[in-house]
Each structure stands twice: as structure tokens, then as C-alpha cells.
Amino acid sequence: MTEDDLRERIGRIRTALAEASEGRYPAPKLIAVTKTHSVEEILPLQSLGVNEIGENRVQEIREKLPGLAGKFQIHLIGRLQRNKVRQIVGDVCMIQSVDTLPLAEEIHSRAEARGIRVPVLVEVSPAGETQKGGVPLNETEQFLRSIAGLQGLDVRGLMAVMPLTDDRDLLDGLFRNMRELFDRLRAVDISGIRMEELSMGMSGDFMLAAKHGATMVRVGSAIFGPRN
Ligand SMILES: *Cc1c(COP(=O)(O)O)cnc(C)c1O
């Protein structure tokens with residue numbers, strides 16, 4: 001893809017996000033999901049004002065890090081195994097997929113050992129598909145309370161991956177539920193927990209997510225084209 005194509009795609013996505021959120025919420029931040037794409041493909045994003053990228057595999061982050069460090073902030077958006085935590089703590093700006101206490105505790109202890117706090121989001125499963133990861137919606141508050149005392153974590157909000165479906169009404173309702181949960185938890189104001197970020201919406205549904213007040217959307221194929 002040429003840099004002009006990339007510029008045009010990013011521009012169209014930004015316009016769509018601004019329109020979808022207009023009058024209700026600030027436009028969400030665009031996180032470019034760069035998994036499967038090379039450093040060479042990723043670098044042009046920098047001049048287009050996209051400085052935050054999403055990756056879903058620890059190994060892939062490690063491989064690309066030398067080419068990306070200092071240029072991009074990397075969000076880990078995929079499932080994370082406990083035994084991989086120490087390989088990325090400190091190299092990513094945020095871990096968006098915290099959904100179990102053992103994982104939270106491992107991030108906490110690796111962070112403390114390095115004297116840092118790691119920004120994280122709690123992954124919620126909006127449709128209860130917890131086999132894919134994520135805390136059930138109705139257990140989210142309890143889970144947040146269970147990790148609130150872990151000083152190595154800087155809990156900033158929630159993340160959600162929607163089910164694979166073409167049912168727009170279903171998705172609309174699930175995004176709405178996520179925003180309501182987010183607002184309710186913000187009002188509850190759990191000590192040690194910040195509710196500032198709501199990461200939801202991908203290439204197929206980022207406009208619905210913006211309409212319902214996502215603060216960041218994670219967009220891959222709408223920027224780079226379909227992955228093989
Ligand atoms: C791959 C991925 C995305 C981006 O998906 P696209 O449909 O390509 O935009 C977003 N979030 C997560 C967790 C992903 O794994």
C-alpha cells in the first residue's frame with residue numbers, strides 16, 4: 001500500500017469516528033492494530049499522527065520492538081499467558097487484556113520488581129463468551145475490587161472484544177451495555193482504580209463503538225487491508 005492510500009484510509013476512519021461520536025462523546029483515539037504487519041509497513045503511520053499501535057502476541061512484539069521502540073507506544077491487546085509477562089512488562093504502554101487474578105498478580109509482581117506501575121485495562125466479555133477471555137459483565141466490579149490493591153497495576157478502565165456477528169442490533173446493545181458498565185463503575189469510584197479508558201470497536205464496528213462512547217478503538221484491517 002502506498003503512503004497516500006494509508007493517509008486516505010486513516011483520514012476516512014478519523015472522519016467517521018468524529019461523526020459517529022459527535023454531540024455525545026469526544027472522538028475516540030485510534031489505535032492501529034499492526035499484528036502480522038512488518039516494521040516497514042508500520043513506520044509510515046508515524047507521519048500520519050498515529051503513535052499508538054496494538055499487538056496481540058508477545059513473541060511478535062519482541063521481534064518488532066527494535067524497529068518500533070521510541071517511535072510508537074505499544075498496547076498489548078491479546079491474551080497474555082502468565083509465563084510471558086516478564087518478557088513484555090516495561091516494553092508496552094498498556095496491557096489491555098487483564099482478566100484473571102493470577103495474571104493481575106503476576107503483572108503486579110513483575111512491575112514491582114522493576115519499580116514501575118503498569119497501565120492495564122480489565123477485559124470484559126460483553127456477550128459472556130468467557131472461553132475467548134474476559135470477565136463476565138456482572139462480575140466486573142468484584143474483579144476490580146480484587147485487584148485494586150495491587151500496586152504494580154495502574155488500572156485505567158475496561159476493554160471489550162465483541163462477538164463475531166453481523167447482527168447490528170445485538171452489537172448496538174452490547175456496546176451500550178459496556179458504556180453503562182463503564183459509567184456505573186466510574187460513579188462507584190473504587191479506591192485505587194481509575195475509569196478513564198473504554199477500549200472497544202474494531203474494523204467492522206468502530207462507528208457503533210464511537211457512538212456509544214468508546215475512548216479508544218482498535219482498528220487493523222480497515223487500515224492495512226485483510227490479513228491472510
Ligand atoms: C486483531 C484485533 C483487533 C483489530 O481487528 P480488525 O478487525 O482487523 O480491525 C482489535 N482487537 C483485538 C483484541 C484484536 O485481536
Side-chain angles (χ1 to χ4, degrees), residues 1 5-6 8-17 20 27-38 41-42 45 48 50-64 68 72-81 84-85 88 92-100 103 107 119-135 137 140 156-168 170-171 174-175 178-179 182 197-212 214-228:
M1 191 177 357
D5 291 332
L6 197 59
E8 195 187 312
R9 287 187 181 191
I10 301 272
R12 264 187 278 148
I13 293 167
R14 287 213 166 106
T15 304
L17 288 172
K29 184 191 296 174
L30 176 61
I31 310 288
V33 176
T34 50
K35 63 190 184 197
T36 75
H37 296 285
S38 66
E41 290 173 276
I42 298 169
L45 289 171
L48 302 174
V50 178
N51 302 307
E52 296 184 44
I53 61 176
E55 289 279 344
N56 67 341
R57 288 179 50 237
V58 170
Q59 182 58 33
E60 191 173 341
I61 294 174
R62 293 246 54 89
E63 286 165 14
K64 296 195 234 177
L68 299 175
F72 294 94
Q73 296 212 295
I74 304 173
H75 295 252
L76 180 65
I77 60 174
R79 295 196 88 169
L80 175 58
Q81 290 171 310
K84 301 255 173 86
V85 168
I88 43 122
V92 292
C93 71
M94 183 177 271
I95 297 174
Q96 297 204 0
S97 46
V98 174
D99 62 352
T100 68
L103 175 59
I107 297 168
V120 305
L121 302 181
V122 165
E123 182 175 349
V124 178
S125 176
E129 304 173 294
T130 47
Q131 72 284 0
K132 291 197 204 162
V135 181
L137 211 87
T140 306
R156 300 266 182 92
L158 307 178
M159 180 269 225
V161 178
M162 291 294 153
L164 278 175
T165 174
D166 293 329
D167 185 339
R168 308 307 283 181
L170 174 65
L171 288 173
L174 295 175
F175 281 124
M178 281 302 304
R179 180 68 206 204
F182 177 75
E197 300 291 353
L198 179 57
S199 171
M200 59 182 189
M202 313 187 353
S203 291
D205 55 19
F206 60 77
M207 290 175 67
L208 271 181
K211 172 187 158 193
H212 288 295
T215 66
M216 50 174 93
V217 293
R218 311 176 306 267
V219 180
S221 50
I223 296 175
F224 293 108
R227 288 177 292 273
N228 338 299

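Start at 1 with the first residue, then count along the sequence. Note that ligands are numbered from 1 as they come in the structure, with each ligand's atoms numbered from 1 the same way.
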Discussion item. Can you give me the closest heavy-atom contact between Pro28 and Met216, atom names plus distance?
Written reply: CB-N, 3.9 Å

Worksheet item: Heavy atoms, side chains only, cut-off 4.5 Å: are Ile88 and Leu80 in contact?
Response: yes

Discussion item. Less than 3.5 Å apart, any donor N or O on the side chain of Thr215 or Glu197 sitting next to an acceptor on the other?
Written reply: yes

Worksheet item: Looking at ligand 1, does Gln96 have a heavy atom less than 4.0 Å from it?
Response: no

Practice prompt. From the options Met202, Arg57, Lys35, select the one whose nearest heavy atom is closest to atom 10 (C) of ligand 1.
Written response: Met202

Fill in: Val219 neighbourhood, listing ligand 1 atoms whose heavy-atom distance to it stays under 4.0 Å
9 (O)

Practice prompt. Give the C-alpha distance, both sets of side-chain angles, the deciding distance and a yes or no for side chain to side chain contact (heavy atoms under 4.5 Å, CB included) between Thr36 and Phe224.
Written response: CA-CA 10 Å; Thr36 75; Phe224 293 108; over 6 Å; no

Item to complete: May I ask you to identify the nearest protein heavy atom to atom 11 (N) of ligand 1, giving residue, atom name and distance to one decimal place in Å?
Response: Arg218 NE, 2.9 Å

Worksheet item: Who's the nearest protein heavy-atom neighbour of atom 6 (P) of ligand 1, and how far?
Response: Ser203 OG, 3.4 Å

Response to the item:
With heavy atoms and a 4.0 Å threshold, my read on which part of Ile77 contacts ligand 1 is both

Item to complete: Report yes if some heavy atom in the side chain of Glu60 is under 4.5 Å from a heavy atom in the side chain of Lys35; otherwise report no.
Response: yes

